[in-house]
Amino acid sequence: MFSRALCLVSRSLASRLPSRGGDSDPDAYAESPFNTLDPNSATTRALALPEILERIGSHLDRSNLVNSLFVSHHFYESLLPVLWFSIQLRIAHPSFPRILEQLEKNLSLIRDLTIEDISKGAERRDDSDNDDDEDTDEDEGGREARGAAFRGYLHRIRSIEILARNDLSLLQCLTLNCGFPTNSASTSVHILNSCLDKFSGLKHLDIGLLSNTRDRLYIHQILDTYPLLESLRVAWSAQSPLLTEDQGPLKQERQQHPTKRLSLRRLHLNGLQWPEQEFLHLVQRSPHLEELTIQGPSKARWDWTVSTVERFAEFCPHIFRLHIDPGYGSDFEDKLLARLLETLSGLRSLHVPRCDLGPRTFKVLKDRIGQMEELNIAFTRKPGVDGSKLVQLMTRARNLRYLDASGVSLDPWLFYVTQQPETHPLSEQDAQEDISECSRLGPQVSTSITSWACRKLEVISIGFATLHVNNRQCHAIYANLSHLPNLRRIHILPNHFPINFESGLRQLASLRQLVHFDAHGTEKAISEDVIKWMGTTWPKLQVLRLYIDGKEKRALALVKSWLRDVGRDDVRVEAD
């Protein structure tokens with residue numbers, strides 16, 4: 001299998017090489033096993049080049065990559081850097097000591113390193129009321145937990161020692177997703193502290209689970225320490241212990257914020273509310289910033305003003321992706337969102353879930369939606385985006401590729417009136433069925449027939465008010481989805497959405513690129529014919545997530561068996 005993969009992937013590359021011995025067809029041996037290829041063929045000579053083997057190896061999974069090392073000495077030398085290019089270390093993993101032995105030998109080959117430490121420390125036990133009974137009644141589980149905590153501590157120390165004594169100047173991406181075991185300091189901070197002069201070539205840094213809001217200075221210290229840094233993500237955790245002064249990444253006393261310009265292009269701050277002055281000082285140092293994500297804690301109070309937004313746009317004129325999530329119970333005013341849209345002329349990606357999206361912001365968004373490629377308006381508030389407003393946006397969103405409208409209940413009638421005129425006129429019975437819908441919606445429904453403009457849409461997460469849905473309305477929903485040929489993921493959220501042929505499911509046969517189909521709350525268990533139709537009609541389908549009554553394991557197994565009958569046992573089936 002590996003030999004065949006090598007041959008097929010190298011076909012286009014081999015055809016570019018000059019032929020030896022007058023080969024008229026450089027691809028003549030492309031379908032042959034590797035060990036039977038002519039040593040003078042173009043394919044064999046292509047595989048002799050390390051850069052071609054590296055490119056092929058980058059498309060293999062880790063198991064096949066390990067097996068390929070034993071093909072020959074040439075394969076070993078060429079593919080070993082690919083094997084160690086990206087490494088994920090789990091400190092709590094049982095095989096971690098054995099991995100450490102290989103880590104130091106190949107540390108210079110690593111370009112992307114992730115260290116995860118989610119081990120739990122031994123909890124303190126209060127003996128004030130239990131005298132001598134605690135020692136005699138200690139169970140085996142408690143001893144194992146303490147033993148695991150001690151082994152985790154030794155693993156952390158060992159890994160930090162290895163990193164500290166080796167040259168890490170070629171490392172480009174570092175992710176420290178390290179927890180805080182009881183009675184131990186932050187693994188993330190100790191790694192940064194111990195390897196202060198080691199990460200000189202670092203371009204991407206992801207630090208998980210730093211402590212509280214008083215440690216904002218750490219961001220400035222990190223940015224000054226790694227001048228080549230282009231991407232920084234910092235996540236805070238309210239459950240983390242406070243970091244003391246001598247645990248800071250630079251072991252420096254608090255000082256005035258530096259003013260050195262940075263090369264930062266992507267900044268993600270999760271779980272920390274940034275006051276106006278702190279935020280402005282940081283973005284003033286980052287004139288090349290292109291992506292900004294700020295996810296505040298719940299019930300935060302933002303002190304930003306319109307002036308804050310205007311100065312931000314002045315400091316960072318190249319912003320094209322903006323993600324502001326104030327958190328549940330927080331307030332981020334409508335006038336701030338509107339001003340962001342007005343001042344950031346290059347904005348192409350806007351994620352504002354849970355924000356106070358009012359009439360002013362909607363008016364500006366409606367004018368700017370034509371240049372948007374990504375839009376997240378999930379669970380917006382006061383008054384937010386309803387079905388009628390969403391339809392107005394979708395009729396203008398010509399370049400939209402990603403839409404998350406979770407929390408928006410789109411009435412099927414609104415969906416129907418956006419459809420192109422059908423060749424079959426409404427029957428009298430169907431017209432009578434829709435009269436009640438039209439009268440209920442009143443002035444919100446436009447009588448003109450328009451069409452959704454987002455033909456480039458690849459991902460859609462949307463809901464429908466299907467409480468009184470009829471088959472004709474479902475046909476309209478499926479018809480509009482079928483007009484989006486690039487769809488890769490569909491998430492249909494609210495209750496009782498019918499997934500059957502009678503409701504028009506067959507219209508989705510045109511979605512040949514569909515990878516993920518997710519329908520929460522189907523009316524009943526999906527029939528065998530429908531499951532098999534999905535497996536045969538959507539050749540790229542990988543995930544099928546459906547509601548199954550009672551979440552029975554037997555029902556899941558049955559759906560998987562139906563897919564297996566049509567040769568699609570590669571599809572992952574999930575239950576709602």
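Keep in mind that this is a model prediction, so the values were computed, not measured. Side chains included, hydrogens not; waters and symmetry mates left out as well; all remaining heavy atoms used.
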What side-chain donor-acceptor pairs closer than 3.5 Å can you find for residues 289-297, not counting sequence neighbours?
| unit_1 | atom_1 | unit_2 | atom_2 | d |
| --- | --- | --- | --- | --- |
| Glu290 | OE2 | Arg265 | NH1 | 3.1 |
| Glu291 | OE2 | Arg321 | NH1 | 2.9 |
| Thr293 | OG1 | His268 | ND1 | 3.2 |

(request) Please confirm whether Phe315 and His281 have ring centers closer than 6.0 angstrom. (result) no

(message) Distance alone, cut at 3.5 Å: any donor-acceptor contact between the side chains of Asp404 and Ser406?
(response) yes

(message) Taking Gln392's backbone N and O only, do any of them form a donor-acceptor pair with Thr395's side chain (distance below 3.5 Å, no angle check)?
(response) yes

(request) Could you walk me through whether Leu232 and Leu264 pass the side-chain contact (heavy atoms from CB on, under 4.5 Å) test, one step at a time? (result) CA-CA 8 Å; Leu232 174 65; Leu264 199 64; 4.0 Å; yes

(request) Return yes if some donor-acceptor pair links the side-chain N/O of Arg545 with the main-chain N/O of His491 below 3.5 Å, else return no. (result) no

(request) Working to the nearest 0.5 Å, report the span between CG of Asp112 and OG1 of Thr175. (result) 6.0 Å

(request) Indicate the atoms forming the closest heavy-atom contact of Gly535 with Arg568, along with that distance. (result) O-NH1, 2.9 Å

(request) Decide ring pair (Phe, Tyr, Trp, His ring centres under 6.0 Å) for Phe312 and Trp304; before the verdict, give the C-alpha distance in whole Å, the side-chain angles of both, and the deciding distance to 0.1 Å. (result) CA-CA 11 Å; Phe312 165 54; Trp304 288 16; 7.3 Å; no

(message) Has Thr225 got a side-chain atom pairing as donor or acceptor with Gln221's backbone, closer than 3.5 angstrom?
(response) yes

(request) Taking the side chain as every heavy atom from C-beta outward, state whether Leu457 and Leu487 have any pair of such atoms under 4.5 Å apart. (result) yes

(message) Restricting to non-hydrogen atoms, name the atom on Leu484 and the atom on Leu511 that form the minimum distance, rounded to 0.1 Å.
(response) O-CD2, 3.2 Å

(message) Give me the atom names and distance for the closest heavy-atom approach of Pro326 to Cys355.
(response) CD-SG, 3.5 Å

(message) Taking the side chain as everything from C-beta on, heavy atoms only, tell me whether Leu223 gets closer than 4.5 Å to Leu282.
(response) yes

(message) For Lys203, is the NZ atom crowded, meaning more than 12 foreign heavy atoms sit under 6.0 Å from it?
(response) no

(request) Check whether any side-chain N or O of Ser503 sits under 3.5 Å from a backbone N or O of Ile499 as a donor-acceptor pair, and report yes or no. (result) no

(request) Give a yes or no on whether the backbone of Ile191 and the side-chain of Ser194 come within a donor-acceptor separation of less than 3.5 Å. (result) no

(request) Evaluate the criterion side chain to side chain donor-acceptor pair (under 3.5 Å) for residue pair Thr114 and Gln88; output intermediate values, then yes/no. (result) CA-CA 5 Å; Thr114 297; Gln88 186 174 19; 5.5 Å; no

(request) Mind listing the closest non-hydrogen atom pair of Leu541 and Phe517 along with its distance? (result) CD1-N, 4.1 Å

(request) Check whether any side-chain heavy atom of His483 sits under 4.5 Å from a side-chain heavy atom of Arg455, and report yes or no. (result) yes

(message) Please check: side-chain N/O of Asn399 versus main-chain N/O of Glu373, any donor-acceptor pairing under 3.5 Å?
(response) no

(request) Check the side chains of His204 and Gln172 for a donor-acceptor pair under 3.5 angstrom, ignoring hydrogens and angles. (result) no

(message) Minimum heavy-atom separation for Pro227 and Ser263, please, with both atom names.
(response) O-OG, 3.0 Å

(request) Say whether, by atom type as modelled, one donor and one acceptor occur between the side chain of Gln371 and the main chain of Leu347 under 3.5 angstrom. (result) yes

(message) Please evaluate residues Tyr402 and His351 with respect to the criterion ring pair (Phe, Tyr, Trp, His ring centres under 6.0 Å), reporting the C-alpha separation (whole Å), side-chain torsions for both, the decisive distance (0.1 Å), and the verdict.
(response) CA-CA 10 Å; Tyr402 170 92; His351 295 243; 5.7 Å; yes

(message) Could you tell me if the side chain of Leu163 sits less than 4.5 Å from the side chain of Leu107, heavy atoms only?
(response) yes

(request) For the residue pair Thr308 and Glu276, confirm or rule out a side-chain donor-acceptor distance under 3.5 Å. (result) yes

(request) Could you pull out all residues at least two apart from Arg360 that satisfy side-chain contact (heavy atoms from CB on, under 4.5 Å)? (result) Asp334, Lys335, Ala338, Glu342

(request) Determine whether Val364 and Leu340 make a side-chain contact, defined as any pair of heavy atoms from C-beta on separated by less than 4.5 Å. (result) no

(message) A side-chain contact here means heavy atoms from C-beta on lying under 4.5 Å apart; do Asp331 and Asp356 qualify?
(response) yes

(request) For the pair His288 and His318, name the ring-plane relationship: parallel under 30°, tilted 30 to 60°, perpendicular over 60°. (result) parallel

(message) So does Arg111 get a backbone contact from the side chain of Trp84, meaning a donor-acceptor N/O pair under 3.5 Å?
(response) no

(request) Report yes or no: does Asp224 contribute a side-chain atom to a donor-acceptor pair with the main-chain N or O of Tyr226 at less than 3.5 Å? (result) no

(request) Tell me yes or no: between the side chains of Ser482 and Gln507, is some donor less than 3.5 Å from an acceptor? (result) no

(message) Looking at Arg398, I'd like to know if its CZ atom is crowded, meaning that more than 12 non-hydrogen atoms belonging to other residues, nucleotides or ligands lie closer than 6.0 Å.
(response) no

(message) Could you walk me through whether Glu458 and Arg489 satisfy the salt bridge (charged side-chain N to carboxylate O under 4.0 Å, His left out) test, starting with their C-alpha distance in whole Å, then the side-chain angles of each, then the deciding distance to 0.1 Å, before giving a yes or no?
(response) CA-CA 7 Å; Glu458 298 177 4; Arg489 302 186 67 170; over 6 Å; no

(request) Considering only NZ, NE, NH1 and NH2 on the basic side and carboxylate oxygens on the acidic side, decide whether Glu310 and Arg339 come within less than 4.0 Å. (result) yes

(request) Kindly indicate whether the side chain of Lys389, heavy atoms from C-beta on, has any atom under 4.5 Å from the side chain of Pro383. (result) yes

(message) Side chains of Gln542 and Arg572, heavy atoms from C-beta outward: is any pair under 4.5 Å?
(response) no

(request) Quick one: pull up CG in Asp206 and CG in Leu176 and give me the separation to the nearest 0.5 Å. (result) 8.0 Å

